[in-house]
Amino acid sequence: MKVMTIVNAVNDALDIKLGDDRNVIVYGEDVGVEGGVFRVTENLQKKYGVERVFDSPLAEDGIMGTAVGMAVAGLRPVVEMQFSGFAYPAFNQIISHASRMRNRSRGKYTTPIVVRMPYGGGINALEHHSESMEAIYGHIPGLKVVIPSTPHDAKGLMIAAIESNDTVIFMEPKRIYRAIKQEVSEDKFSIPIGKAKVLSKGSDVTVVAYGAMIREVQKAMIMAKNAGISVELIDLRTIYPIDRETIAESVKKTGRVITVVESPGSFSVASEISQIANEEAFVYLEAPPKRVTGFDTIVPLPKGEHHYIISPEKIFYEIERTVKF
Amino acid sequence: MKVMTIVNAVNDALDIKLGDDRNVIVYGEDVGVEGGVFRVTENLQKKYGVERVFDSPLAEDGIMGTAVGMAVAGLRPVVEMQFSGFAYPAFNQIISHASRMRNRSRGKYTTPIVVRMPYGGGINALEHHSESMEAIYGHIPGLKVVIPSTPHDAKGLMIAAIESNDTVIFMEPKRIYRAIKQEVSEDKFSIPIGKAKVLSKGSDVTVVAYGAMIREVQKAMIMAKNAGISVELIDLRTIYPIDRETIAESVKKTGRVITVVESPGSFSVASEISQIANEEAFVYLEAPPKRVTGFDTIVPLPKGEHHYIISPEKIFYEIERTVKF
Amino acid sequence: MFEKYNPLDNNMLQVIDNDGKIINKEFFPNLSDDQIVKAYRDMLFARTADLMIVSYQRQGRIFTYPPNYGQEAIAGAIGANLKDDDWLVPAFREMGAYLAKGATLKELFLYFMGYEDGSLFKNAKNIFPMSVPIASQLTHAVGVAYELKYNKKDNVVLTVVGDGGTSEGDFHEALNIAGVWKGPVVFVVQNNQYGISTPVSVQTASKNIAVKSIAYGIKGIKVDGNDYFAMYKAINESITIAKKENMPVLIEALTYRKGAHTTSDDPTKYRTKEEEESWEEKDPLLRLKKYLISNKLFTEKEEEKLISQYKKEIDRQFIEAENYPKYPLDDVFKYLYEDMPADLLIQKNNHEKFLKWKENFVKN
Amino acid sequence: MFEKYNPLDNNMLQVIDNDGKIINKEFFPNLSDDQIVKAYRDMLFARTADLMIVSYQRQGRIFTYPPNYGQEAIAGAIGANLKDDDWLVPAFREMGAYLAKGATLKELFLYFMGYEDGSLFKNAKNIFPMSVPIASQLTHAVGVAYELKYNKKDNVVLTVVGDGGTSEGDFHEALNIAGVWKGPVVFVVQNNQYGISTPVSVQTASKNIAVKSIAYGIKGIKVDGNDYFAMYKAINESITIAKKENMPVLIEALTYRKGAHTTSDDPTKYRTKEEEESWEEKDPLLRLKKYLISNKLFTEKEEEKLISQYKKEIDRQFIEAENYPKYPLDDVFKYLYEDMPADLLIQKNNHEKFLKWKENFVKN
Ligand SMILES: Cc1ncc(C[n+]2csc(CCOP(=O)(O)OP(=O)(O)O)c2C)c(N)n1
Ligand SMILES: Cc1ncc(C[n+]2csc(CCOP(=O)(O)OP(=O)(O)O)c2C)c(N)n1
Ligand SMILES: [Mg+2]
Ligand SMILES: [Mg+2]
């Protein structure tokens, strides 16, 4: 066991997979010499050489397109989009090829690609550096979309992502890249993609969240506890394929569900979770499925970001209202 | 009044706006000489000249980016993406600039752009020619997303879109491009963006749909009528900003809501409508808000498309189940 | 070759003239008479199939199809040069190359009839499915080249795009990255002078397309795409250089799309009869046939016989394709992921439940 | 100029050497002594501000900032050439050009402090906000050029991008479309040899960046970006040609980013001291100052005085920016659409309700 941040954990996972599979290739903007602007790929080029870990030209479409080609030819590329806000030039390759090659070729060709991208707000960044567009990826057939919330999960999910023969969009909550430290096994282990995790058992209300929002919900849960409210917290971990079962089971028990996401609320993961509750647990619902989300606005620049960011108080406020409904 | 198809109606709207505003510029792949692969821009180049209606290079990113530049400089570009499945190279310009320039420049610069794109399945097309990705655009702050279902609406909404100072994604249901004929006024008129329309009053269940699905719902409504079920049909017309009020009012009355969309169901417009029903009319709900959608798969090639396409029977089946819930 | 045909001078590699006469011995490719005859027969087969497909389409027996008519020398030369383990990353207008790689007509028919199964190319090695989003395939080829280089394979990847496709950002990113990464990749631009209705003059103001290689530090050459020998030679040398020097090459193959863009297109809307006619004598099959006949390698009679034989074969495969089993519901779901997610299974099951209900409903 | 400095020959336009001596009279720009002194003072102001911003950042008083250090001649020459009604479509590392167009330092401070208001440039005409997604601004400039041509305006649009940005598809689409549409647009590539940690050799294998103009049928030239006179001359002539002939021009300005990529970057990770030092004598301010001093137009004393005067002015504006009013909740919502949609209003109202609740909650 070793104390790791999410940065360390992802780095460790990449290290392990680079070590045990010669087909794993890591590239992207500044991931080689520099080790990534967040240092997630630090030291990997030194250890595995410039052929396996390298800087690409500043060309996201090209990064993604070459990854599709490499993957079809048998490699397992793990590419980095420097920020999720800069992944859009790669969108065509993601939606038109990476997610479709398997289906298009009736399984003859697969695209075992991991697309890493730091996402989310709360780091006082410039425009385009704070967005959370996971719902868009979730809506694209053929993709898996994974978001860890802890170092342990980041490592296990990253290993699973690299070992998956499907394309995985691996979104890293940069706000907690270094904020959470945890003892993580140095061995190779993986966590199944598509399985949510019940982080806390509770009886009054189910809260579904993921990524950096988990920590905020946990803060809100202290307030809830003081108010005598028992919260069941589910860490979704995978946006798609979504774990209906875990959500359904919990909502059937609590009769109430709140989803907390950083993104704009309309057409968000929160809307989806609510609808799953409708479909799976309607007769159990004692209050409307609730969403706590960002506004349907652009994430403001740092001086305005506090307005946008979801506070523990806001989460607690909605928990209380939902429980009192 | 004149009998028009949606193709005619959009053409007429473009004609009127080209006629009354010198700043309107129409361009895209094959929209000039050819008049568009669906003939939506037919004759416009002849009438308004090659400077105002013209063929662009095969470069969607460039089409969209130049439109942003033109718009900031004072023009009102109406660009065509030949199919919505080929709009993804323009995605970065849409999400990073067109939708943001106004907010970024604190209102100093606006981007009155209309992005026309035929979308949707049911025309026995090659891959990428049948998709419905409106939810993705709906999730992007700063965009308006419009989908007409009749020639009359197509004309009025297109005129409103061109006159709007915001960027409008105007998605045209190509399956009914020529299938629906309707008397439409030859005068200039506009229909407000953001307002849904109640197409049929009913009391047992609310069905929300748009685009080519309206006609399918109407077929299902005949079956429903035979089964003694009274359906209230809402044509959403605008995906964003969404008309909560009209939905809320109807669901409060009927207590039941079904949304019919062609896209994959997860993270779809249907999930959003259900959540709006939860938020606005929870205590009135007598059955779980339901979605009738495409599968979370890639639209199959023509020989498999009948599996994917939503039939009136399927809609009726879900109406009946919801009413009997 | 690349020095002599410097695209900056707008020179074009040509080996035979419109009468099939050799006008450029130096670059006549190293091909036996048998190989040349085979090349012609392959092109003839492709053309015969192409024309038949257009008429199948008119009969409503297949959906939209992009004719290859007039461009067969390019696909032919590609197909003749690629080894089994070489990769082909196609666009969608190079049937001859598919067939040479081992795809069957039947599969192509299935594809245009609307079955994904038509993209499987069961017995063909190292060939990508057709790529519909213009130019998006080019970066795939660069990724494949990376793998070939990484694993020190003695193979090449060849990819194809149209003149219209050169306007896309993908074209730039692919060629630019290829220039930096190096690797055995050959880019062939089929410059058929139109992207649907849009002439190449609307696509770019560069002197020609081959010259764009300069922007990427790779080699480039403009070739008469209707001259089989020139195309064969250019591709052959490019493959050699690409493999030996890990040097990407851009080939502009100048040709003309004699047919419509697709079966839903009407070219009379945007080009003149005169223009179309001016290309008749440059027809790639005509020119090669003239060469063969004047060298006593082939006769019109043989051609007639071949065509009727090909027609039978093509029809046989077409009818096989028409009798292909129905598209099962399962096939909509089962190829998206290695393991079908629970959500998809639920959706499938629900749909099957509905289908059962529907059977009853329709009965009543 | 474009013939003499053909990028194919890898020639570079230079007017003064490292000692500030004129080595190329032919291309010495038509500038009065006063204009030259003003140019130097503007560059000095920009550099002084730049260095102060970096130290403000270290003090935690602003957020991430991309230093211009070492590249001031390019922005200076741009700024000096653009008229009020000309358009500037910037990237984010050309402060001098912003200021020349009428943006204030205070606004730039606000931007880097995290206010969108800092992008408003209240009194500056025809300048786009900074563009963070690399290279995405280039097509905007082409659209602006379309408008200028369409309305027969006698103006130009100039846009800026980095060497890294030339790898993006946007670069290609912008220059290619500009070549086809023509129009008065000048593209300036600030080739500072790095995109964050990535050297330009990883971005492209082309001989230089100016040579990429050939791929688009537009004019191109490579210029010493640390030579104010060369930059002025190149931009001036390019603007003339762009306006007169509707001919787009690509200028590669060769320079060196003496500072870090941004204040969060540490260049020692990826470049050597020797390399950094080798650029010291090529510093654009140093060279221009040598010219001025040897021509008796300026003294070190004046410089000292100016710097201390500038520092006061910069600090004044900085403190003004620091005292800028709080960012109201309304500002998050009100600029997205011309009329606020009902949904946004509801979201704002709900949030305000929560804030009221929170006040109480925090009290208890
Ligand atoms: C990204 C994208 N945009 C638009 C289309 C629609 N489209 C199909 S073929 C075509 C023209 C292609 O021209 P070219 O590259 O010259 O190839 P050709 O058809 O002439 O072989 C267009 C615009 C598409 N398939 N993909
Ligand atoms: C599309 C996009 N991808 C990645 C980034 C992250 N990023 C910011 S600056 C930069 C390097 C830019 O290099 P260059 O174009 O040479 O400009 P310079 O910073 O040297 O002025 C990168 C990769 C971005 N802003 N936009
Ligand atoms: Mg073409
Ligand atoms: Mg740079």
Side-chain angles (χ1 to χ4, degrees), chain C residues 6-10 133-136 138-139 142 145 161 163-183 185 187 189 195 198-220 222 245-250 252, chain D residues 6-10 133-136 138-139 142 145 161 163-183 185 187 189 195 198-220 222 245-250 252:
Chain C
N6 185 336
L8 275 170
D9 307 324
N10 213 6
I134 300 296
S136 59
L138 299 173
T139 48
V142 179
V161 70
D163 47 308
T166 65
S167 298
E168 291 279 6
D170 304 75
F171 175 83
H172 176 73
E173 299 199 15
L175 274 72
N176 188 55
I177 296 175
V180 177
W181 290 1
K182 310 294 181 218
V185 53
F187 302 95
V189 176
T198 306
V200 67
S201 59
V202 169
Q203 299 294 350
T204 186
S206 70
K207 188 175 268 189
N208 53 53
I209 285 168
V211 89
K212 292 175 188 279
S213 57
I214 292 171
Y216 310 113
I218 66 175
K219 288 203 188 296
K222 183 171 159 184
E245 303 174 20
N246 274 323
M247 171 50 87
V249 182
L250 170 63
E252 174 184 2
Chain D
N6 185 339
L8 275 169
D9 306 323
N10 213 7
I134 299 296
S136 59
L138 299 173
T139 49
V142 179
V161 70
D163 47 310
T166 66
S167 298
E168 291 278 5
D170 303 76
F171 176 82
H172 176 73
E173 300 200 15
L175 273 71
N176 188 54
I177 296 176
V180 177
W181 291 2
K182 310 296 180 213
V185 53
F187 301 96
V189 176
T198 307
V200 67
S201 60
V202 168
Q203 299 293 352
T204 188
S206 70
K207 187 174 267 186
N208 52 54
I209 285 169
V211 90
K212 291 175 188 279
S213 57
I214 292 171
Y216 310 112
I218 65 173
K219 288 202 186 298
K222 183 170 160 184
E245 303 174 18
N246 275 324
M247 171 50 86
V249 182
L250 170 63
E252 173 183 2

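So you know, we letter chains A, B, ... as the sequences are listed, proteins then strands, and number each from 1. Note: hydrogens, waters and symmetry copies are ignored here, and every other heavy atom, side chains too, is used.
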Contact origin within C:L8 toward chain D - heavy atom pairs under 4.5 Å: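 C:L8 touches chain D through side-chain heavy atoms alone.
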
Acceptor/donor pairs from residues 174-183 of chain D side chains to any protein atom, 3.5 angstrom cut, sequence neighbours excluded:
| unit_1 | atom_1 | unit_2 | atom_2 | d |
| --- | --- | --- | --- | --- |
| D:N176 | OD1 | C:T204 | OG1 | 2.9 |
| D:N176 | ND2 | C:Q203 | O | 2.7 |
| D:K182 | NZ | D:G179 | O | 2.6 |

Parallel, tilted or perpendicular, as decided by the 30° and 60° cut-offs, for the rings of C:H172 and D:H172: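 Geometry flag for C:H172 against D:H172: parallel rings.
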
Greatest number of heavy atom pairs closer than 4.5 Å to chain C - which of D:S206, D:S213, D:P7: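 Ranked by heavy-atom pairs under 4.5 Å with chain C, first place is D:S206.
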
